[in-house]
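Chain A is the first sequence line, chain B the second, and so forth, proteins listed ahead of strands; every chain is numbered from 1.
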Amino acid sequence: MTDKGFYITTPIYYVNDVPHIGHAYTTVAADVLSRHHRLRGRDTYFLTGTDEHGQKIQRAAMERGLTAQELADRTVVNFQDLWKVLGIEYDDFIRTTEERHERVVQHIFSKLLAQGDIYKGSYEGWYCVPCETYVPESQMGEGRTCPDCKRKLEKMTEESYFFRLSKYADPLLEFYEAHPEAVQPRGRYNEIVSFIRGGLMDQSISRTTISWGVPVPENPRHVVYVWFDALINYLSALGYPDEGGLWERYWPAVHHLVGKDIIRFHSVIWPAMVMALGLNPPVMVFAHGWWTVEGEKMSKSKGNVVDPFDMARRYGADAFRYFLLREVPFGLDGDFSEQALVQRINSDLANDLGNLLHRTLQMVNQFCDGEVPASKALHPEDEALCREAEEAVEAVDRALESFAFDEALKVLWGLVARGNKYIDETMPWRLGKEGDRDRLGTVLGTLAQTLRIVALLVTPFMPSTGQRMWQQLGLRGAPDKITSPAWGGYPAGTLVHKGEVLFPRIDLDLWQKERQARAEEDKNPKDPGDHEAEVTIDDFRKIELRVALVTAVEPVPKADKLYKMSLDLGYEKREIVSGIREFYPPEDLVGKRIVVICNLKPAKLRGVMSCGMLLAAERFDGKNLALLTVDRDMELGARIH
RNA sequence: GGCGGUGUAGCUCAGUUGGCUAGAGCAUGCGGUUCAUACCCGCAGUGUCACUGGUUCAAUUCCAGUCACCGCCA
């Protein structure tokens with residue numbers, strides 16, 4: 001590897017998605033590598049972000065009565081929150097709707113257009129008008145129909161800009177022949193090379209049928225196609241092409257972690273784009289596998305999508321991180337199940353690691369008043385453990401050099417097992433009772449040294465666990481600041497602070513029962529109980545509900561829950577007061593079409609007259625609510641029956 | 001159909017350029033221990049190394065074929 005630096009990226013995630021285990025997987029992996037290399041003193045940069053352009057976003061926004069930007073602003077938070085919860089420490093988070101990105105997309109487009117790597121042509125394909133998408137030959141249904149809506153496809157010709165990918169087939173092959181490690185794992189490398197050998201077609205990179213994207217500077221009727229736009233984030237985030245930008249420092253020492261579904265974009269189109277810019281292609285694209293859930297493919301319709309927030313809350317972020325990287329070799333597909341996660345927690349985290357720390361500190365407390373004594377003469381078994389620890393440090397480094405997270409963790413747990421065995425062999429409790437202070441001190445000191453190394457090695461994988469071990473061992477500073485995990489860094493005479501166990505064992509019977517109870521509850525939701533007496537249709541008709549547009553929102557003074565909202569009903573304007581301030585910022589409300597009761601008797605709230613009431617759904621616990629809106633365009637004042 | 005990969009213990013997988021009784025973890029059984037989160041340590045296993053044939057003193061490892069599964073072929 002180059003010592004130029006270590007630039008690691010995740011894909012930028014599409015804001016239309018809800019974060020799931022796949023997003024968490026890639027990002028945790030990148031975080032571990034980033035933390036690890038940083039700790040080894042390497043110049044490291046970690047980038048993640050979101051992809052916010054494109055037709056799907058545009059349509060999803062319309063369906064929810066938002067602008068595309070509003071939708072993006074709202075959902076980007078899902079990702080940023082998840083990264084906080086999972087302890088992800090990125091250096092930068094880029095959004096493709098940021099000015100710093102769009103500017104670079106336009107710059108690159110213009111540059112490539114000027115030098116002839118982009119040209120104007122026409123795109124011909126089979127188009128589904130209702131779905132507004134082109135359908136490739138391979139995905140068509142019987143008799144040229146749309147795979148989604150089953151309707152007939154139409155042949156369409158559209159003006160489009162093309163990237164001259166064909167020109168880069170040979171340079172790409174040359175590059176890959178010289179750098180067989182540039183696409184990993186090996187199987188993917190073979191696929192990519194044989195794909196390129198089959199010849200490359202120029203790529204359509206602009207659309208005139210959609211508007212949510214970066215406009216082509218030379219021809220604003222066109223919007224840059226979302227993939228061309230998105231890939232550029234890896235450079236735009238580094239301040240390309242500005243002089244003195246980070247890209248000069250980190251390019252091409254970039255390592256792209258991607259799912260196997262998007263490897264072609266990253267190892268064919270993207271390197272070609274980069275070559276067209278006169279830069280060297282990325283040093284590595286690593287395609288990891290996919291997760292199934294309980295043996296089945298994950299899908300929204302099956303309802304088996306794993307929610308990383310839920311896993312982190314229920315089992316802890318560190319345990320979840322550990323499981324993802326330990327269970328399956330990076331690059332292969334894996335299967336997720338809560339059962340397997342719980343087993344890992346119990347056997348690896350609780351029994352092996354947590355218990356090793358716990359029993360060691362317990363003996364320090366019990367036999368040495370909480371103070372780790374100085375080591376005296378070393379016996380062969382002490383030296384063996386020391387050697388083992390030093391070898392583990394090297395082996396973990398080596399494994400991570402090839403992104404073999406599972407190997408690294410196996411090595412580390414081998415050291416933990418050695419520690420447990422060492423205790424059984426040396427029997428420090430017997431030394432304590434027999435009063436062999438010297439030997440006891442040496443044994444406990446050796447264990448403390450070992451645990452210190454374990455904490456350091458564990459930290460990139462499980463940052464808060466490393467921190468907790470550090471603290472319990474009574475060490476100063478922080479494990480994510482120590483750059484060389486050398487033996488002997490544990491000072492004699494240190495007072496330990498034995499605290500709560502790192503990972504409580506999960507009682508399997510109890511866990512099963514709780515799980516069943518949860519499943520039951522999902523099937524038979526709890527009755528909230530606040531039911532009303534039966535009403536007739538005439539009773540209901542007395543309530544006049546209409547569609548209203550929110551035109552202005554301002555807080556009511558001295559009332560932290562209230563807004564004064566100006567509404568437009570089409571035939572008249574009026575003001576209402578509403579207690580939704582803690583759930584919606586004003587800018588989220590203005591422009592929304594909501595549902596109001598118009599014939600409610602006006603009332604004065606905090607000195608402000610309220611002429612009507614809006615409708616919202618409230619969660620059982622009252623901790624959130626959602627406004628009622630209409631699900632398609634509707635004239636103001638429309639009556640609701 | 002073309003190219004590539006995989007098939008090893010109940011489960012998940014390691015097996016470097018062919019060579020000592022084929023390994024690890026988990027799960028199972030038995031024993032030890034009591035500092036510890038009923039934890040840890042030790043021992044015990046079971047395998048026609050997919051199938052058939054070939055090369056070789058020797059093949060899980062190399063070669064050919066068969067079967068099964070998987071990936072890529074915009």
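B:G42 atom P lies 8 Å from atom CG of A:Asp424, rounded to whole Å. B:C26 atom C1' lies 7 Å from atom CZ of A:Arg344, rounded to whole Å. A:Leu332 places its CG atom 13 Å from the C1' atom of B:A14, with the value rounded to the nearest Å. What separates CG of A:Asn346 from C1' of B:G25 is a distance of 16 Å, to the nearest Å. Rounded to whole Å, atom C1' of B:G25 lies 13 Å from atom CG of A:Leu409. The CH2 atom of A:Trp413 sits 14 Å away from the C1' atom of B:G25 (whole-angstrom rounding). Summarising the geometry, the separation between CH2 on A:Trp429 and P on B:U34 is reported as 7 Å, rounded to the nearest angstrom. Protein atom CD of A:Gln339 is 15 Å distant from nucleotide atom C1' of B:U12, rounded to whole Å.
A:Glu174 contributes atom CD, which lies 10.5 Å from atom NE2 of A:His179 (distance to the nearest 0.5 angstrom). A distance of 14.0 Å separates NE2 in A:His256 from CD in A:Gln184, rounded to the nearest 0.5 Å.
With B:U37, B:C35, B:G71 as the choices, the nucleotide that has an atom nearest any side-chain atom of A:Arg188 turns out to be B:G71. The side chain of A:Phe195 lies closest to B:C73, out of B:U37, B:A36, B:C73. Of the candidate nucleotides B:G25, B:C73, B:A36, B:G25 has the atom nearest to the side chain of A:Arg326. Of the listed nucleotides (B:C35, B:U37, B:G25), B:U37 has the atom at the smallest distance from the side chain of A:Arg505. Of the candidate nucleotides B:C40, B:C35, B:A74, B:C40 has the atom lying nearest to any side-chain atom of A:Asn420.
Counting any heavy atom pair closer than 4.0 Å across all strands shown, A:Gly334 reaches no nucleic acid atom. Residue A:Gly354 is in base contact, counting any heavy-atom pair closer than 4.0 Å across all strands shown. When heavy atoms are screened at a 4.0 angstrom cut-off, A:Leu502 is found touching base atoms of the nucleic acid. A:Leu361 comes within 4.0 angstrom of nothing in the nucleic acid, heavy atoms only. Residue A:Pro504 is in base contact, counting any heavy-atom pair closer than 4.0 Å across all strands shown. If you check every strand for non-hydrogen atoms under 4.0 Å, A:Asp335 touches nothing. Using a 4.0 Å heavy-atom cutoff across all strands shown, A:Glu425 reaches no nucleic acid atom at all. No engagement by A:Arg430 is indicated, since no non-hydrogen atom pair under 4.0 Å with the nucleic acid exists.
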In sequence, state the C-alpha distance, the side-chain angles, and the governing distance for A:Glu327 and A:Tyr322, and then conclude on side-chain hydrogen bond (donor to acceptor under 3.5 Å, both in side chains). CA-CA 8 Å; A:Glu327 185 72 0; A:Tyr322 174 80; over 6 Å; no
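Under the 4.0 Å criterion applied to side-chain N and carboxylate O atoms, A:Lys260 and A:Asp333 are assigned as salt-bridge partners. Between A:Arg430 and A:Glu425 no salt bridge is recorded (no basic side-chain N to carboxylate O distance below 4.0 Å).
For the OP1/OP2 pair of B:C41 and a distance below 4.0 Å, the side-chain nitrogens and oxygens of A:Arg418 include no atom meeting the criterion. Taking only side-chain nitrogens and oxygens, A:Asn351 never comes nearer than 4.0 Å to OP1 or OP2 of B:U37.
Between A:His20 and A:Phe336, the distance from one ring center to the other does not fall under 6.0 angstrom. Ring-centre distance between A:Trp270 and A:Phe265: not below the 6.0 Å cut-off.
Between B:G54 and B:C13, the distance separating the two C1' atoms is 30 Å to the nearest Å. For the P atom pair drawn from B:A74 and B:C57, the interatomic distance equals 48 Å after rounding to whole Å. Comparing the same atom, P, in B:U46 and in B:C62 gives a spacing of 26 Å after rounding to whole Å. Nucleotides B:U60 and B:G23, compared at atom P, are 14 Å apart to the nearest Å. For the C1' atom pair drawn from B:A36 and B:G32, the interatomic distance equals 16 Å after rounding to whole Å. B:C35 and B:C43 have their P atoms separated by 24 Å, given to the nearest Å. With C1' as the reference atom, B:A22 and B:C40 are 28 Å apart, rounded to whole Å. Rounded to a whole angstrom, the distance from the P atom of B:C3 to that of B:A50 is 24 Å.
Nucleotide B:U52 forms a Watson-Crick or G-U wobble pair with B:A64, both donor-acceptor distances falling under 3.5 Å. The partner of B:A38, taking Watson-Crick or G-U wobble pairs whose two distances both stay under 3.5 Å, does not exist in any strand shown. Pairing of B:G71, defined by two Watson-Crick or G-U wobble distances under 3.5 Å, is identified with B:C3. Across all strands shown, nothing is found opposite B:U33 as a Watson-Crick or G-U wobble partner with both distances under 3.5 Å. Taking a pair to require two hydrogen-bonding distances under 3.5 Å in either a Watson-Crick or a G-U wobble arrangement, B:G10 pairs with B:C26.
A perpendicular orientation is assigned to the rings of A:Phe109 and A:Phe228, their planes being inclined by more than 60° (bins at 30° and 60°).
When each of A:His358 and A:Leu165 is assigned the nucleotide of RNA chain B with its nearest heavy atom, A:His358 is the one assigned upstream, toward the 5' end. For the pair A:Lys421 and A:Phe503, nearest-nucleotide mapping onto RNA chain B gives the more 5' position to A:Phe503.
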